[in-house]
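Reviewing the structure listed below.
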Amino acid sequence: MTQTPTINLAGRHLLTLHDLSNAEMQRIIDLAAQLKQERHSGLRDSRLTGRNVAIVFEKSSTRTRCAIAVALSDEGGQSEYLSAQDIHLGYKESVPDTARVLGRMFDGIMYRGFAQATVEQLAEFSGVPVWNALTDDYHPTQALADLLTVQETFKDLKGLRLAYVGDGRNNVANSLMLGCVKAGIHFVNCTPTELKPAHTLVEDARAIADQTGSSVTITSDPMKGVRGANVVYTDVWVSMGEEDEKDARLKLLRPYQVNMDLMRATGNLDNNRVIFLHCLPAFHDTNTKVTAESGALEVTNDVFEAPFSRVFDEAENRMHTIKALLIAYLTGV
Ligand code: CP
Ligand code: NVA
């Protein structure tokens with residue numbers, strides 16, 4: 001396989017996808033593809049030997065937390081998981097003070113929490129690379145894994161069409177919009193008027209789209225919005241920290257459920273030119289506490305389990321893309 005060109009992001013942060021140039025983003029995706037191939041052929045290396053990363057998480061996580069820990073351990077590095085219960089962050093100690101302490105001990109910080117301002121403060125004060133592992137506003141590492149999954153299916157990202165259906169202003173939707181336009185993918189956001197993304201972010205995304213030959217469309221009509229889509233993507237209707245809005249959100253988003261009718265409306269199901277993606281966790285069945293009474297929410301079980309669903313490849317790709325990020329930011333390659 002041809003070697004991925006050199007990337008060295010030493011001394012930089014990843015707070016939103018704005019922090020990577022289009023070319024840097026593509027190189028990280030390509031490096032992740034290479035790392036995935038290596039790992040699948042049994043190769044583990046030592047590119048992160050002696051590096052340690054603090055995983056500061058104020059919200060729950062399965063995929064992201066495990067992806068960081070496994071990526072580091074695969075390459076000879078180490079991680080320390082610090083939940084809100086474990087450290088003083090934001091209660092007994094200010095964010096700048098915690099940042100300065102962690103920066104004296106760790107080579108980098110992965111942060112998951114609420115305010116975007118917190119991850120910005122960690123970056124400002126720690127003196128080491130800080131990566132946003134999800135805030136209320138953005139989930140950039142997720143978008144990298146999503147794009148790798150799309151690339152694995154269609155080879156070339158440019159010119160594809162991705163329709164996001166659901167809560168159009170959450171962290172995943174925001175980062176996906178930026179990731180798509182940077183990669184040259186037409187992005188369609190199918191969401192009720194009440195949940196449209198912030199105007200300034202849409203303007204930013206449209207400016208990038210103009211350069212890459214892609215586009216951003218916002219529509220409240222999911223059946224029309226998914227027409228021609230190569231990727232149909234959804235996320236939970238109630239994000240972490242928004243639990244109080246559950247009843248109103250469910251009422252608003254029921255017409256936006258991804259089901260077989262919506263997948264057929266892409267016009268791409270019969271020619272195998274469409275896949276389904278979801279960042280996970282997903283409410284597709286009655287097997288969780290949250291959905292016990294209400295059944296499937298944002299996606300029906302037949303779509304979730306269909307051959308065109310790539311959700312578990314996408315979940316695995318969290319690890320390969322995070323590994324690529326860690327290598328690029330901590331060592332360069
Ligand atoms: N997709 C994602 O970020 O999953 P976790 O919340 O399990 O980390
Ligand atoms: N939007 C979701 C993503 C979970 C990975 C949330 O913030 O809960």
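Whatever order the structure lists them in is the order used to number ligands and atoms, beginning at 1. These numbers come from a predicted model, not from an experiment.
Close approach of ligand 1 to Arg318 is summarised as follows: ligand atoms under 4.0 Å from at least one heavy atom of the residue are 1 (N), 2 (C), 3 (O).
At most 12 heavy atoms of other shown residues, nucleotides or ligands fall within 6.0 angstrom of atom CG in Asp270. Annotation: Glu152, atom CD; neighbour count of heavy atoms from other residues, nucleotides and ligands within 6.0 Å is above 12.
Ligand 2 is surrounded by Leu134, Asn170, Asn171, Val172, Asp235, Val236, Ser239, Met240, Leu280, each with at least one heavy atom closer than 4.0 Å.
Distances between N or O atoms of Arg65 and those of ligand 1 include no value under 3.5 Å. Between Cys279 and ligand 1, a contact under 3.5 Å exists for at least one N or O pair.
The residues Asp30 and Arg27 are annotated as not salt-bridged, no charged nitrogen and carboxylate oxygen being separated by less than 4.0 angstrom.
Here atom 6 (O) of ligand 1 lies nearest to Arg112 when heavy atoms of His139, Arg112, Met240 are compared.
Arg249 pairs by the salt bridge (Lys or Arg N to Asp or Glu O under 4.0 Å) definition with Asp167, Glu242, Glu245, not counting sequence neighbours. Qualifying salt bridge (Lys or Arg N to Asp or Glu O under 4.0 Å) partners for Lys323, counting only residues two or more places apart in sequence or in other chains: Asp74.
The cationic atom of Arg65 (NZ for Lys, CZ for Arg) lies less than 6.0 Å from the six-membered ring centre of Tyr81 and within 45° of the ring axis.
Phe304 and His284 have parallel rings, their planes meeting at less than 30° on a 0 to 90° scale where 60° marks the start of perpendicular.
The side-chain hydrogen bond (donor to acceptor under 3.5 Å, both in side chains) contacts involving residues 188-208 comprise nothing, where partners must be two or more places apart or lie in separate chains.
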